[in-house]
Amino acid sequence: MSYKFTEDHEWVLLEGEVATIGISDYAQGQLGDVVYVEVPTIGDEITKGDELAVVESVKAASEVYSPVSGEIIDVNSELEGAPTKVNEDAMDSGWFAKIKVSNSSDLDDLMDEAAYKAFLQGLDE
Amino acid sequence: MSENTSTKKTVLYDLHVELGAKMVPFAGYDMPVQYPEGILNEHLYTRSSAGLFDVSHMGQLVISGENPAAAIEKLIPGDIQALSNGEMRYSFLTNEQGGILDDLIVTQRGEDLFVVVNAACKEQDIALLTKGLAGAATVTELTDRALVALQGPKAAAVLTKYAAEVASMPFMGYREVEIDGVPCFVTRSGYTGEDGFEISIPNSQADALCRKLLNNSEVKPIGLGARDSLRLEAGLCLYGHDLNEKTTPISAGLIWAISKRRREEGGFPGADIIQAEIANKPAMKRVGILPEGRAPAREHTEITDEAGNVIGEITSGGFSPSLGVPIAMGYVPLDFSTIGTKINLLVRGKSRPAVVAKMPFVEQRYYRG
């Protein structure tokens, strides 16, 4: 069980067939102060690459795309009252949604932590 | 990340980078959008203490001639001839359709006019003023000066340490003042709704003077991000968003900037259209909008009536750090402009309720002596 990352800075943590999705610490730093998160609806089916959530910072709205296909089985309703959790704890309590994945091979082409770190270094150059 | 070789730098660029600013291209300049503390903290700090903003990208112009005040009134509806030496006024360049080409501040300095214009409109404005004033006055851009704003409830206490005479300056007043020995043009004005000053500094001394101001524990550097949220809370227009060549001063709610004499006499581009709008009311009006819930409604969000018909558009929208809720402004038909009118906003395809609200969202606290 370990974090996987997309090039759009989402993270995925797969436990059994349930994937928890959030955005990386780097992403929250780039967005700045998060003031609102629009989370998906429980029960909805989502396809890999579709819009999963919208994160609003003081300055702009940013879409979060689903790294996996499946059914939304839970959303982080605490973000409604405390959107700054995304800034304070992006990799844990700042999660957005849990998806029951229909095909775990969706995670195969994602980066592990070391690869993501290298990817971020490439962005800074 | 977005290093563009064609963007210009202000003389404070190195200071911004040193302070850890995130630099973004804005109106052709590489500008600080925020510093490490972030927009929210910078915003609240300006409201509670004092913030220093680099606005050197804006155009600083001097208009000289025999009677530049009379001459410039052919291009703007502001009552510039009514200004005494050391007084300034908010006005705008209009086109023949009564639309706004840029908004600006004009200061009467006795022997000339000092004019500050928006960065994005600078070239256009200089060309327009030069042509429009030909034979009567000349236009010179002061490229040798930086411009900073010191804004917030503690701005006056800080600046007074270096130049005691600024304490008694009236709101919308101008003075030439030595700040710590540096010859500056100081106006008691700004774009945050707070008391504060805009300070024009010779380029060669701007970096050192700003460092000195920032050495005060009451002062922090503030980026363009917070500048935008501060002005939106104060209900102030941003050119290119809330104002453009198709919005008239009357629909924008800026009739207060056109004196009785100018309304009656006209004599500026689009005067007939603006006079007709004063007499018959404009079709659309700029209003404040409070979205219900916590989702911000951004610029270009469609406004509908309760039946779902599109009636207008948000021109500025975001989150108010002071109030902790989303705020916006936009244009609606006159019938919908009454405070308390219920409207809906189409945010990402979803209709969300909102209400027309009074502006400013946060009380302006200008110096009133």
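We name chains A, B, ... by the order of the sequence lines, and we start the count at 1 in each one.
The environment of A:Lys100 atom NZ is sparse: at most 12 non-hydrogen atoms of other residues, nucleotides or ligands sit within 6.0 angstrom. The number of heavy-atom neighbours closer than 6.0 Å to CD of A:Glu51, taken from other residues, nucleotides and ligands shown, is above 12. Other residues, nucleotides and ligands contribute at most 12 non-hydrogen atoms within 6.0 Å of the CD atom of A:Glu80.
At a heavy-atom separation below 4.5 angstrom, chain A is approached by B:Arg348, B:Lys350, B:Arg352 within residues 343-355 of chain B. Residue-level contacts of residues 295-322 of chain B with chain A, in order of numbering, are B:Ala295, B:Pro296, B:Arg298, B:Phe319; threshold 4.5 Å between heavy atoms.
The backbone N or O of A:Gln30 lies less than 3.5 Å from a partner atom in the side chain of B:Lys22, making a donor-acceptor pair.
Proximity to chain B (any heavy atom under 4.5 Å) is restricted, for A:Val54, to the side chain, taken from C-beta onward.
A heavy-atom distance below 4.5 Å is not found between the side chains of B:Pro326 and A:Glu56. When side chains are defined from C-beta on, A:Val58 does not count as touching B:Asp228, because their heavy atoms never get closer than 4.5 Å.
Just one residue in the list A:Val34, A:Asp33, A:Asn87 forms a side-chain contact (heavy atoms from CB on, under 4.5 Å) with B:Leu40, and that residue is A:Asp33.
The shortest non-hydrogen separation linking A:Val35 to B:Arg294 is O-NH2, 3.5 Å.
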